[in-house]
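Remarks on the structure that follows.
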Amino acid sequence: MLSFKTLLLNKTIAENIKILLFAFLLSCALWYSIVGTSQVEADVSFHVEYTQLPENLMIIKGMEDFLHVRVRSSGQRLRSVMNNDYVYHVNLKDAVNGANVYPVEIDSSFSDFKGMEILSTSPSYIMIETDTVLEKRVPIEVEFSERENEDLYIRDLDLSPSEVRLKGPREVLENMYSIKVPFDINQIESAGEYTKNIPLTLPKLVEADIPVTRVSFEAWFDLVPVNLTRLVQLEKEGGEFRTEPRTVNIDLEIPQSKLISYNIDPAYMAQVRATVQNEKPYEQGQVLPVRVILPKGANLLSVTPQTVKIIAKEQE
């Protein structure tokens, strides 16, 4: 049998638990009442969208992407809107050419903001500038860089397409009469035909009906033929050897600019060399090809003979 003392003790514990539970629930209610109803401030962001702009106009300046709205409300109420995505629409149907001002109005029309106090908006108004849309066709022109080689020439230049239709603000297009595409002519090292696709570089807010143009042309150098004789040099420890024959005839073309009063620039021609290279030591009786070293701008036509024999000097 339970004693009276034990029963009394169990009753006391049960009452204490009830009191503690009641106190916990009361504190939760009090906390919720204070936090949920206290007034706090926060910023809410709006993404701005522009609608119904007349087809003959385009925006050239002043477009805002976001609005920041300062609001005051209970913490619980604010938490319900902070993570939502909001869009603010600016109706441009009555826009005219030039400056247009639209006050920002955030009010009860946004259902999520009912019961909230709107403190401020940033910016408080949106001012956009518009211009009349203009379309025109203009030619495309190649803008070659300044030539480093005065003997380099371009002929048969062709662009495809050779003109482009542009669309953009009137104030920009009215003063545009062509589109220039740059080409670094100093990249050309040899004569021949060249083709390259070059993207069009357009002013801001201007669009083109094609993004690139293909530039084709033939590059050629103003060269004159020259014939000379050179001693064949051994490049690798060839002191005890020589070549047979000792010299070769070289036919080449040099830039016209290297002719000075019908005389060839001696410093330029001194750069023409005939050599024989061999990765291994030279040996008696080897037959090796002749390599001709040319100055910049020169073009080798032929070398005679094309090979030479290695012989020892002691056999002379």
I would like to know whether Tyr88 and Glu105 meet side chain to side chain contact (heavy atoms under 4.5 Å, CB included); could you show each step before the answer?
CA-CA 9 Å; Tyr88 184 80; Glu105 299 177 350; 4.3 Å; yes
Arg273 and Arg230, any side-chain heavy atoms less than 4.5 Å apart
no
Will you find, in the side chains of Ser216 and Asp158, an N or O donor that is under 3.5 Å from an N or O acceptor?
no
Does Arg214 CZ have over 12 foreign heavy atoms under 6.0 Å away?
no
So, do Asp209 and Val164 sit near enough that their side-chain heavy atoms are less than 4.5 Å apart?
yes
Taking atom CG as the centre, does Asp184 end up with more than 12 heavy-atom neighbours from other residues, nucleotides or ligands that are less than 6.0 angstrom away?
yes
Taking the side chain as C-beta and beyond, is there a heavy-atom pair between Leu202 and Glu207 under 4.5 Å?
no
Does either side chain, that of Asn249 or that of Thr304, offer a donor lying less than 3.5 Å from an acceptor on the other one?
no
Contact between Val44 and Ile106 at the side-chain level, heavy atoms closer than 4.5 Å - yes or no?
no
Residue from Phe217, Phe144, Phe183 passing ring pair (Phe, Tyr, Trp, His ring centres under 6.0 Å) with Tyr194:
Phe217
Please report the shortest heavy-atom distance between Pro255 and Ala298, naming the atom on each side.
CD-N, 4.3 Å
Compare every heavy atom of Val181 with every heavy atom of Leu200, then report the nearest pair and how far apart it is.
CD2-CG1, 3.6 Å
